[in-house]
Amino acid sequence: MAQSVGIKDVARVAGVSVGTVSNVINRPDTVAAETRARVLSAIDRLGYVRSESARQLRAGRSRIMGLLVLDMGNPFFVDVARGAERAARAAGLGVMVCNSAQSASEEADYLSLFAEQRVRGVLLTPADATGRNIEAFRRHGIPFVLVDRVAEGTTECSVSVDDVAGGALAVRHLVDAGHRSFAYVSGPPGLNQVRDRRTGALNALAEAGISPQALRELPTERLDVAAGRDAGARLLGLADRPTAVFCANDLLALGVLQAMYAAGVGVPDDLAIVGYDDIEFAAAAAVPLTSVRQPAVTMGALAAELLLEETETETGAAPHEHRRVVLRPELVVRRSSLSAR
């Protein structure tokens, strides 16, 4: 196995001190042109690449921002990552993207990894409903911003969407279309987003004078297409099947749509479907999907900018003020919910 080339090797080949090599790399204007050329020639011949991690440890400032999301298989989080990466690159930073897969234990492992790597800061969509992982991570003193989650009971920054309003938009639309019996395919009940969207759905029913019993909840263990297909099968087995279904995200909605198609149930004539997130695949589905749009790219960019603002506050300057940014959702109506009742 080839050994890595170090700064001492460069100094030996160039016939200069280690300090001179360091100056050529970090402060080239302080080194005479002839000496600088000799060192650069040695670097080129040896293929030397400086250790960025070592430089960061000496400087005490990493050029890496951590991003930990619930599910990188969900295009919504891909868009969040795109926004964060765009803002980070503009500031000369990179983004280390990790996927908790909705697992509290995997989340804890990745947060430990971020602490070991001494990242500049972390953008986090929590998987652990207890908050214990966040409390453990907070002890490291690394700044973090919550994404797609309101920072309730904490002092940190957060960027989220008003999911109560989003759930109300979805079900209000279905009520206005004439529906009076509903299902909510909700995902894991421990997630705040799932609970908030349900609260919004119930608020819309209350506004219309419809009993909360008109909304039947079908929880799922995950927020993916397979879980949506399973929920669709359960929906088909109900004796008194609802005429409309609201899903906690678009992947669940696409799974329900697949189950209905396989069973010969017409969408939207026999069952109206509304999803959440408005991922790219929503408009491209066999029956284009009505969805509550979240500005995912904007969410990621704003979260990264808040983190940069906090970590770049100069010593002696006014302290960073934590903020909670709550964005408004938007209903995008397509054919999956346009049945005439």
Side-chain angles (χ1 to χ4, degrees), residues 69-71 74-80 83 102 125-126 146-152 158-177 179 182-208 210 212 214-220 223-224 227-228 231 242 244-257 272-283 285 288-300 302-303 324-334 336-338:
V69 300
L70 288 177
D71 180 12
N74 186 338
F76 167 75
F77 287 111
V78 174
D79 285 342
V80 169
Q102 302 173 42
T125 302
L146 299 181
V147 184
D148 195 31
R149 164 90 173 267
V150 177
E152 297 173 346
S158 65
V159 181
S160 62
V161 165
D162 188 339
D163 283 318
V164 174
L169 281 175
V171 173
R172 192 179 296 124
H173 166 68
L174 293 170
V175 169
D176 290 345
H179 295 278
F182 313 85
Y184 176 44
V185 178
S186 61
L191 294 178
N192 286 27
Q193 299 92 324
V194 165
R195 295 197 299 268
D196 287 349
R197 291 166 197 178
R198 179 179 184 274
T199 297
L202 292 172
N203 288 349
L205 294 184
E207 290 171 6
I210 300 173
L215 182 72
R216 291 191 240 184
E217 186 167 359
L218 298 175
T220 63
L223 289 161
D224 55 24
V245 58
F246 167 45
C247 299
N249 77 358
D250 285 342
L251 296 182
L252 291 172
L254 291 171
V256 171
L257 179 61
I273 302 176
V274 176
Y276 206 103
D277 290 338
D278 194 34
I279 62 176
E280 183 178 357
F281 300 131
L289 185 66
T290 294
S291 185
V292 178
R293 175 179 293 165
Q294 298 199 80
V297 174
T298 299
M299 191 182 303
L302 286 174
R324 297 179 182 178
V325 179
V326 180
L327 304 173
R328 298 294 297 180
E330 173 189 0
L331 182 70
V332 180
V333 178
R334 300 189 182 95
S336 71
S337 64
L338 290 180

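These values consider heavy atoms only, across backbone and side chains, with no hydrogens, waters or symmetry-generated copies. Keep in mind that this is a model prediction, so the values were computed, not measured.
Remark: Ser337 engages His173, Thr290 in a side chain to side chain donor-acceptor pair (under 3.5 Å) (not counting sequence neighbours).
The distance from the CG atom of Asn249 to the CZ atom of Phe76 is 9.5 Å, given to the nearest 0.5 Å. Of the inter-residue distances, the one linking Arg324 atom CZ with Arg149 atom CZ reads 11.0 Å to the nearest 0.5 angstrom. Rounding to the nearest 0.5 Å places CG of Asn203 at 11.5 Å from CG of Leu169. Within the model, atoms CG of Leu257 and CG of Asp250 stand 11.0 Å from one another, a figure rounded to the nearest 0.5 Å. Between Asp277 atom CG and Gln294 atom CD the span is 5.0 Å, to the nearest 0.5 Å. In this structure, CD1 in Ile273 is found 11.0 Å from CG in Leu252, a value given to the nearest 0.5 Å.
The only option from Leu191, Asp148, Leu146 that meets the side chain to side chain contact (heavy atoms under 4.5 Å, CB included) definition with Pro126 turns out to be Leu146.
Side-chain contact between Pro212 and Leu205 is absent, with no heavy-atom pair separated by less than 4.5 Å. Put simply, the side chain of Asn192 does not reach to within 4.5 Å of the side chain of Val150, judged on heavy atoms.
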task: Give the C-alpha distance, both sets of side-chain angles, the deciding distance and a yes or no for side chain to side chain contact (heavy atoms under 4.5 Å, CB included) between Leu289 and Ile279.
output: CA-CA 10 Å; Leu289 185 66; Ile279 62 176; over 6 Å; no
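The nearest pair of heavy atoms linking Leu331 to Val333 is CD2-CG2, 3.7 Å. Across all their heavy atoms, Gly187 and Leu223 have their closest contact at CA-CD2, 3.8 Å. Here the closest non-hydrogen pair linking Arg198 and Tyr184 is CB-CE2, 3.3 Å. Residue Thr298 comes nearest to Leu327 through the heavy atom pair CG2-CD1, 4.4 Å, listed as atom of the first residue, atom of the second, then distance. Here the shortest heavy-atom pairing between Val194 and Pro189 reads CG1-CA, 4.3 Å. Here the closest heavy-atom approach between residue Ser186 and residue Ala248 is recorded as O-CB, 3.4 Å.
Residue Glu207 places its CD atom among more than 12 non-hydrogen atoms of other residues, nucleotides or ligands, all under 6.0 Å distant.
Listed for the Asp224 side chain is a donor-acceptor partner under 3.5 Å among the backbone atoms of Ala227. The backbone N or O of Asp162 sits nowhere less than 3.5 Å from a side-chain atom of Arg328 that would complete a donor-acceptor pair. Under the 3.5 Å distance criterion, the side-chain polar atoms of Ser160 are left unmatched by any main-chain donor or acceptor of Val326. Looking at Ser291, its side chain does come within 3.5 Å of a backbone N or O of Asp278 through a donor-acceptor pair.
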